[in-house]
Novice: 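There's a structure below that I have some questions on.
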Amino acid sequence: MRHLQRDNEELKTQLNLQKTQLNVQKTQLNDQKRQGEVALTKLTELKGLKTQLNLQKTQLDELKRRSEVAQIKLTAQAAEVTYLKSRSNITESQVETLRRDREVKQVAFSASLLASGHGTIGPFNTQTTLVYRHVVTNIGNAYNPNTGLFTAPVRGAYHFQFKVGAHGDASHPSAAALFKNGQHIFIAYEHQPSHFGTSSNGVSLLLEKGDVVFLRLWQNARIFDDGNHHSTFSGHLLFTM
């Protein structure tokens, strides 16, 4: 009987111990369950964050793409503005060139020797530059009535004419020569002992810009002029080159 009671007590003790162990395991399982739930919650939050990050990345990629497109458009617009500006500059330059060409293509002058009155110049023992002071036409202002010099404003072909008049003289002819930059080109020469005589000449010259053309009274010669303008010097631009 005592032996049976002892066995029951041992069995009861073992059962209590197992019960206690089961309670401990149950508590551990509950803790693990809570930890799993917490982990699951965190995992869900992480998935949400990942989704937000992916969405933000997509939005950033779209913004980047739009920015690149906008940059391309700005570059194209800048290039177009530069092109239009260059075309505008070219157009302005062309207009200015055409204006200058039009101005320099309008070159013509004509003048007689004396500004007023009448008189004879010469003779001199050396060639003397003639200054034609009565200017009838001076388009382009290439002729200088103070020096008698015509200065080419542009490279081109020019035509010049000159006429010399004087009363006859047995000792002195009437003569004038045309010079280009000091180089003798043509002469108009006439010599008769009496009466009024004239001579003339003309020439077409290729002139560079800045070349000078003028007339000189020939040595020992005379030239006459009055209100009828017998002695003249004329020239004009034929065409530019």
Side-chain angles (χ1 to χ4, degrees), residues 14-110 135 137-147 149-160 180-181 204-213 235-241:
Q14 290 177 355
L15 289 172
N16 289 333
L17 179 60
Q18 289 178 354
K19 184 178 180 181
T20 301
Q21 290 176 347
L22 287 173
N23 289 333
V24 170
Q25 290 176 352
K26 184 179 179 181
T27 301
Q28 291 176 345
L29 288 173
N30 289 333
D31 290 340
Q32 290 177 354
K33 182 180 179 181
R34 283 194 300 271
Q35 291 175 357
E37 292 173 350
V38 171
L40 181 61
T41 300
K42 290 182 178 181
L43 181 60
T44 302
E45 292 176 352
L46 288 175
K47 287 182 178 179
L49 289 174
K50 183 178 181 181
T51 301
Q52 291 178 354
L53 288 174
N54 289 334
L55 178 61
Q56 291 175 352
K57 183 177 183 299
T58 301
Q59 292 174 342
L60 287 174
D61 290 340
E62 177 64 18
L63 290 174
K64 182 179 179 181
R65 186 190 66 79
R66 291 181 181 180
S67 176
E68 290 175 350
V69 171
Q71 184 62 41
I72 292 173
K73 290 182 179 179
L74 286 175
T75 302
Q77 290 174 352
E80 184 177 4
V81 169
T82 301
Y83 171 76
L84 291 175
K85 185 177 180 181
S86 65
R87 292 296 301 171
S88 175
N89 290 337
I90 291 173
T91 301
E92 291 176 1
S93 176
Q94 289 174 339
V95 170
E96 181 63 19
T97 300
L98 290 173
R99 184 187 67 80
R100 287 199 303 267
D101 287 346
R102 183 174 181 274
E103 288 179 354
V104 298
K105 286 180 180 178
Q106 297 177 343
V107 180
F109 78 98
S110 186
V135 177
T137 303
N138 195 12
I139 299 171
N141 295 315
Y143 174 73
N144 188 334
N146 297 313
T147 63
L149 305 181
F150 172 86
T151 304
V154 65
R155 186 178 191 270
Y158 295 79
H159 184 73
F160 298 93
K180 169 189 171 183
N181 297 331
S204 294
L205 297 174
L206 173 60
L207 300 181
E208 300 294 335
K209 181 179 180 180
D211 282 349
V212 176
V213 176
H236 61 276
L237 172 66
L238 296 173
F239 48 84
T240 59
M241 296 182 63

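Counting from 1, the numbers follow the sequence of the chain as shown.
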Novice: Please answer whether the main-chain N or O of A78 pairs with a side-chain N or O of T82 as donor and acceptor at a distance below 3.5 Å.
Specialist: yes

Novice: Does L238 reach the side chain of H236, with side-chain heavy atoms less than 4.5 Å apart?
Specialist: yes

Novice: Can you tell me how far apart CG (L205) and NE2 (H159) are? Round to the nearest 0.5 Å.
Specialist: 9.5 Å

Novice: From the options K64, Q59, R65, select the one residue that forms a side chain to side chain donor-acceptor pair (under 3.5 Å) with E62.
Specialist: R65

Novice: Could you check if a side-chain atom of L206 sits within less than 4.5 angstrom of a side-chain atom of R155, using non-hydrogen atoms only?
Specialist: yes

Novice: Using 0.5 Å steps for rounding, measure from the CD atom of Q28 to the CD atom of Q21.
Specialist: 10.5 Å

Novice: Is there a side-chain contact between V213 and Y158 (heavy atoms, below 4.5 Å)?
Specialist: no

Novice: Looking at every heavy atom in both I139 and T137, which two are closest together, and how far apart are they?
Specialist: CG1-CG2, 3.7 Å

Novice: Below 3.5 Å, can you tabulate the donor-acceptor pairs from side chains in residues 38-50 to any protein atom, sequence neighbours excluded?
Specialist:
unit_1 : atom_1 : unit_2 : atom_2 : d
T41    : OG1    : E37    : O      : 2.8
T44    : OG1    : L40    : O      : 2.8

Novice: Quick one: closest heavy-atom pair of V107 and P153, and the distance?
Specialist: CG2-CG, 3.8 Å

Novice: Looking at every non-hydrogen atom in both residues, tell me the closest pair between A152 and E208 and how far apart they are.
Specialist: CB-O, 3.5 Å

Novice: Could you tell me whether D61 and K57 make a salt bridge, using a distance below 4.0 angstrom between a side-chain N and a carboxylate O?
Specialist: yes

Novice: Relative to the ring of F160, is the ring of F150 parallel (under 30°), tilted (30 to 60°) or perpendicular (over 60°)?
Specialist: perpendicular

Novice: So which heavy atom on V135 is nearest to which on P145, and how close?
Specialist: CG2-CB, 3.6 Å

Novice: To the nearest 0.5 Å, what is the distance between CG on L149 and CG on N144?
Specialist: 6.5 Å

